Number of protein chains: 2
Amino acid sequence: MKDKFKEYASRMTAPREAILEFMSRSSTHLSAKEIYTSLHKKHPGIGMSTVYRTLDLLARMGLVTKLALGDGQNRYEFKAKDKSDHHHHLICTRCGTIINYSEFLEEELTLVRKTEKKLAKKYNFIIEDHNIEFLGICEKCKGSEKI
Amino acid sequence: MKDKFKEYASRMTAPREAILEFMSRSSTHLSAKEIYTSLHKKHPGIGMSTVYRTLDLLARMGLVTKLALGDGQNRYEFKAKDKSDHHHHLICTRCGTIINYSEFLEEELTLVRKTEKKLAKKYNFIIEDHNIEFLGICEKCKGSEKI
DNA sequence: TCCTTATTGACATTGATTCTCATTATCACT
DNA sequence: AGTGATAATGAGAATCAATGTCAATAAGGA
Ligand SMILES: [Mn+2]
Ligand SMILES: [Mn+2]
Ligand SMILES: [Zn+2]
Ligand SMILES: [Zn+2]
């Protein structure tokens, strides 16, 4: 891992190690502040700036995904190298709940690849990633509908 | 249209009409400030707050889509009722360029519907919309790669 | 161990979005 | 057309995520 860091022109430091370790252990979609706060218990020294800078670095390294959901703060999620970790999102527009789903149909993956190829050619684009999200009302919010 | 507004608990006002009219005429993905500035020429009276409030209203009405791309400002796009207007995005992670594409394969639409149905059932979700975006490097940015 | 310099953290600053509130304008009802 | 209740507005303040500044620190090659 130290090597991977160097590749991105960086020294391996304690804060970076702590943040990466923390991210790799959490499975949710966390805001920078949530990460900062959680980390603060064991690592009181780590500042907010470093959290942002490191998350940005990890995103560039491809170890973390940055999610923009339009609620005023970005969220970050660890991305295992393991392909089986790849997933898409189901987002509740009422309460913000995010569900990961990865029970893809084979068709789904095949089609994504086919579409990528088509778009890359037509628009002369290098396609590196994709986001697919379905928006709606979650189970809980459905329940507390009538007020 | 006036009726549609009322349905959403609203009076029809000059600023709202101006903003809706402007949005329906533009075909890009505009930030609130861009909308404010463009509008300011013909309607110097309209304030920033009203732009935000009206965009939010239009989004709730389903006339406008709010895009969160994680670059620190949301963008808004008019959504014609016309189904043929539906499209997905191709986004350059270097320069932010957004390309609409809508040459869907039939498969694509079929699959989205099938996936929606599957997810709705499994997670007990009411699915109302979806976003699909491909990220990468656009033609222009590919050109100015080596610096 | 020493030295260069990448990295850090405290703090300031920016900038998008939201809030506040006195003023204005819409529209239902005469 | 006139009136009144009140929804909506706009100027400015406030909030708050994210970025910038910079002196102090620490990583790691020599
Ligand atoms: Mn996820
Ligand atoms: Mn678009
Ligand atoms: Zn919900
Ligand atoms: Zn580009």
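Note: hydrogens, waters and symmetry copies are ignored here, and every other heavy atom, side chains too, is used. Computed from a prediction, not measured in an experiment: that's the story for all the values here. Below, read A as the first sequence line, B as the second, and so on, with proteins coming before strands; counting in each chain starts at 1.
Counted by atom type alone, A:E21 and A:H43 present zero donor-acceptor pairs between their side chains at under 3.5 Å.
Across the protein-nucleic acid pair, A:M48 atom CE and C:dT14 atom P stand 20 Å apart, rounded to whole Å. Across the protein-nucleic acid pair, A:E17 atom CD and C:dT8 atom C1' stand 15 Å apart, rounded to whole Å. Following rounding to the nearest Å, A:Y8 (OH) and C:dA6 (P) show an atom-to-atom distance of 19 Å. Across the protein-nucleic acid pair, A:R11 atom CZ and C:dA6 atom P stand 7 Å apart, rounded to whole Å. Between the CE atom of A:M12 and the C1' atom of C:dT8 there is a distance of 15 Å, rounded to whole Å. For A:F5 and D:dA27, the CZ to P distance is 14 Å, given to the nearest whole Å. The CG atom of B:L57 sits 12 Å away from the C1' atom of D:dA7 (whole-angstrom rounding). As a whole-Å value, the separation of A:L69 CG from D:dA17 C1' is 14 Å.
DNA chain C is contacted by both B:S49 and B:G72; B:G72 maps to the nucleotide lying nearer its 5′ end (nearest heavy atom per residue).
Residue contacts shown for B:T13 are limited to sugar-phosphate atoms, with no base heavy atom under 4.0 Å away. Backbone-only contact: A:R16 has heavy atoms under 4.0 Å from sugar-phosphate atoms and none from a base.
In the interface, the side chain of B:S10 is not paired with the base of D:dA7 through any donor and acceptor atom under 3.5 Å apart. Counting distance only, with no hydrogens placed and no angle test, the side-chain atoms of A:R53 and the base atoms of C:dG9 include a donor-acceptor pair under 3.5 Å. Below the 3.5 angstrom threshold, one finds no donor paired with an acceptor across the side chain of B:T50 and the base of D:dA8.
Ring planes of A:Y36 and A:H40: tilted class, angle from 30 to 60°. A tilted orientation is assigned to the rings of B:Y101 and B:F134, their planes being inclined by 30° to 60°.
Close to C:dT18, at under 4.0 Å from its OP1 or OP2, lies no side-chain N or O of B:Y52. Taking only side-chain nitrogens and oxygens, B:K6 never comes nearer than 4.0 Å to OP1 or OP2 of D:dA7. Applying the 4.0 Å criterion to OP1 and OP2 of C:dA16, one finds that B:K66 has every side-chain N and O outside that range. Neither OP1 nor OP2 of C:dA16 sits under 4.0 Å from any side-chain N or O of B:N74.
Shown here is A:K114, whose NZ atom has no more than 12 heavy atoms of other residues, nucleotides or ligands within 6.0 Å.
No continuous path of ILVMFWY side-chain contacts below 4.5 Å connects B:L67 to B:L55, so the two sit in separate hydrophobic clusters.
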